[in-house]
Student: 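Have a look at the structure that comes next, please.
Worth saying up front: this structure is predicted, and the values here are computed from it rather than measured. Just so it is clear: chains get the letters A, B, ... in the order the sequence lines come, proteins before strands, and each one is counted from 1.
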There are 2 protein chains.
Amino acid sequence: MNERAPNSEWLRGVLETCVLQTMVAGPTYGYQITTQLAEAGLGELKGGTIYPLLARLEKKGLVSVEWRAGDGGPGRKYFALTADGLTELHEAKLAWRAFNTTISTHLDLSSVQSQQEVTS
Amino acid sequence: MNERAPNSEWLRGVLETCVLQTMVAGPTYGYQITTQLAEAGLGELKGGTIYPLLARLEKKGLVSVEWRAGDGGPGRKYFALTADGLTELHEAKLAWRAFNTTISTHLDLSSVQSQQEVTS
DNA sequence: ATGACTAAATAGTCTCGCTAAGTAGTCAGA
DNA sequence: TCTGACTACTTAGCGAGACTATTTAGTCAT
């Protein structure tokens, strides 16, 4: 399983959008984001990836930050979407969809069969 | 137009696959690839992007190289897909599609409306 | 000649996801 | 009480690859 492992190259840029998306449901914190994105199939992000990313979001004013006590554990740094963050998220999603359409068209993905389809 | 210009961050990794795809129709050369990808909507790749990329493909054995005389102009370095290259292309397309499904699902893209849809 | 277009190469920069290591809080079990 | 596991955040440094910018060089029209 997982024979094409290190395609995390593809996360460039989109990861930021994915993180913003996790905040739509309400404020959340770094460690929780990593577990949620792992469940979503994006792989296990390490601290060295997620925390600098969150710091960049804060610096850009896309999220606001608040420390809260941990629920049986260390304190947590909660991040919430700002108005700018919500706008950015929406635009990024549109842009991603457009980009993706361009790529998929060029790669002629509709003509590609997966092994699952072939063997079924 | 083009207000979110530099999303070329997203090209990371996929660009290589797109270049391989252009060779499916037959051998081609760097300069032509850049014009074809520009027409496909991927933006104007500069020499500093495409030539190192082609060199990497050659180094990996995914393409073979042949110099030919130019048609009213300098000589051209033609690149053709090898068997390995074709295999790699197919696998990369499957992997991209899977990755893309994961991302699109997480971003809940089906719920996003473009400005075009809103104003139509 | 001069400039425009084609065609490839290379040096150097920057971003960002990565590895790796550290700090620190809570809690269960030996 | 000590050890380990889990939670939670931080930081330093690395590397891949797309970027800018420049150079070289062939053909052709003005």
Student: Within the 4.0 Å heavy-atom criterion, would you say A:G30 contacts the bases, only the backbone, or no part of the nucleic acid?
Tutor: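 Since only primed, P, OP1 and OP2 atoms lie under 4.0 Å of A:G30, the category is sugar-phosphate.
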Student: Relative to the 5' end of DNA chain D, which residue comes earlier, B:G75 or A:G47, by the nucleotide with the nearest heavy atom?
Tutor: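 That would be A:G47.
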Student: Can you check whether A:L15 reaches A:L45 side chain to side chain, under 4.5 Å on heavy atoms?
Tutor: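 Yes; the side chains approach each other to less than 4.5 Å.
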Student: Does the side chain of A:Y51 get closer than 4.0 angstrom to OP1 or OP2 of D:dT10 through an N or O atom?
Tutor: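 For D:dT10, neither OP1 nor OP2 has a side-chain N or O of A:Y51 closer than 4.0 Å.
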Student: Within the 4.5 Å heavy-atom criterion, are B:Y31 and B:Y51 side-chain neighbours or not?
Tutor: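 In contact.
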Student: I want to confirm an ordering. Mapping B:V14 and A:F79 to their closest nucleotides on DNA chain D, which one lands closer to the 5' end?
Tutor: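 Its nearest nucleotide lies further toward 5', so the answer is A:F79.
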Student: What's the CD1-P distance between B:I103 and C:dG17, to the nearest Å?
Tutor: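 It is 11 Å, rounded to the nearest whole Å.
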Student: For B:V63 and B:T82, which heavy atoms make the closest approach, and how far apart are they?
Tutor: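 Heavy atoms of B:V63 and B:T82 come nearest at C-CG2, 3.6 Å.
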Student: By nearest atom, which of the nucleotides D:dC9, D:dG17, C:dA24 is closest to the A:P74 side chain?
Tutor: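 Nucleotide nearest to A:P74's side chain: C:dA24.
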Student: Would you mind telling me which of D:dA8, C:dA8, D:dA18 lies closest to the side-chain atoms of B:L53?
Tutor: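 Nearest nucleotide to the side chain: D:dA18.
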Student: Atom CD of B:E16 to atom C1' of D:dA18: distance rounded to whole Å?
Tutor: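 Those two atoms, CD and C1', are 12 Å apart.
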Student: Between C:dC16 atom C1' and B:W10 atom CH2, what is the distance in whole Å?
Tutor: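 After rounding, the gap between these two atoms is 15 Å.
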Student: Between A:G48 and A:G73, just flag the one whose closest nucleotide in DNA chain C comes earlier from the 5' side.
Tutor: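 Nearest nucleotide further toward 5': that of A:G48.
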Student: Which listed nucleotide (C:dC18, D:dT10, D:dG17) is nearest to the side chain of A:T49?
Tutor: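 Minimum distance to the A:T49 side chain belongs to C:dC18.
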Student: Of all the choices, D:dC19, C:dG17, C:dC16, which nucleotide is nearest to the side chain of A:L11 once you look at every atom?
Tutor: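 Within the option list, the nearest is C:dG17.
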Student: Please determine whether a side-chain nitrogen or oxygen atom of A:K46 lies at a distance below 4.0 Å from atom OP1 or OP2 of C:dA21.
Tutor: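 No, A:K46 has no side-chain N/O under 4.0 Å of OP1/OP2 on C:dA21.
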Student: Would you mind reading off the distance between A:I50 atom CD1 and D:dT7 atom C1', rounded to a whole angstrom?
Tutor: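 Nearest whole value for this atom pair: 15 Å.
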Student: Please state whether the phosphate of C:dA8, meaning OP1 or OP2, lies under 4.0 angstrom from any side-chain nitrogen or oxygen of B:Y31.
Tutor: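 So the side chain of B:Y31 is outside the cut-off, no N or O lying under 4.0 Å from OP1 or OP2 of C:dA8.
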Student: What integer distance in Å separates A:Y29:OH from C:dA24:P?
Tutor: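 In whole Å, C:dA24 P lies 21 Å from A:Y29 OH.
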Student: Could you state the atom-to-atom distance from CG of A:L45 to P of C:dT19 in whole Å?
Tutor: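 It works out to 10 Å between those atoms.
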Student: Measuring from the side chain of B:R76 (C-beta onward, heavy atoms only), which nucleotide among C:dA7, D:dA18, C:dA9 has the closest atom?
Tutor: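 For the B:R76 side chain, the nearest candidate turns out to be C:dA7.
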Student: So A:K77 and A:R68, do their side chains get closer than 4.5 Å, heavy atoms only?
Tutor: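 With C-beta onward as the side chain, the pair stays apart.
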Student: Separation of A:Q32 atom CD from D:dT7 atom C1', in whole Å?
Tutor: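 So the CD-C1' distance, A:Q32 to D:dT7, works out to 12 Å.
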Student: Using whole Å, what does the distance between atom C1' of nucleotide D:dC9 and atom CD of A:E58 come to?
Tutor: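 Result: 13 Å.
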Student: Which class fits the ring pair B:F99 and A:W10: parallel under 30°, tilted 30 to 60°, perpendicular over 60°?
Tutor: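 Correct class here is tilted.
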Student: Respond yes when some side-chain nitrogen or oxygen of A:R12 is under 4.0 Å from OP1 or OP2 of C:dC14, and no when none is.
Tutor: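 No, A:R12 has no side-chain N/O under 4.0 Å of OP1/OP2 on C:dC14.
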Student: Phosphate oxygens OP1/OP2 of C:dG17: is one of them under 4.0 Å from a side-chain N or O of A:S8?
Tutor: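 Negative; the distance criterion is not met.
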Student: Side chains of B:L54 and B:E58: closer than 4.5 Å at any heavy-atom pair?
Tutor: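 Side chain of B:L54 against side chain of B:E58, heavy atoms only: no contact under 4.5 Å found.
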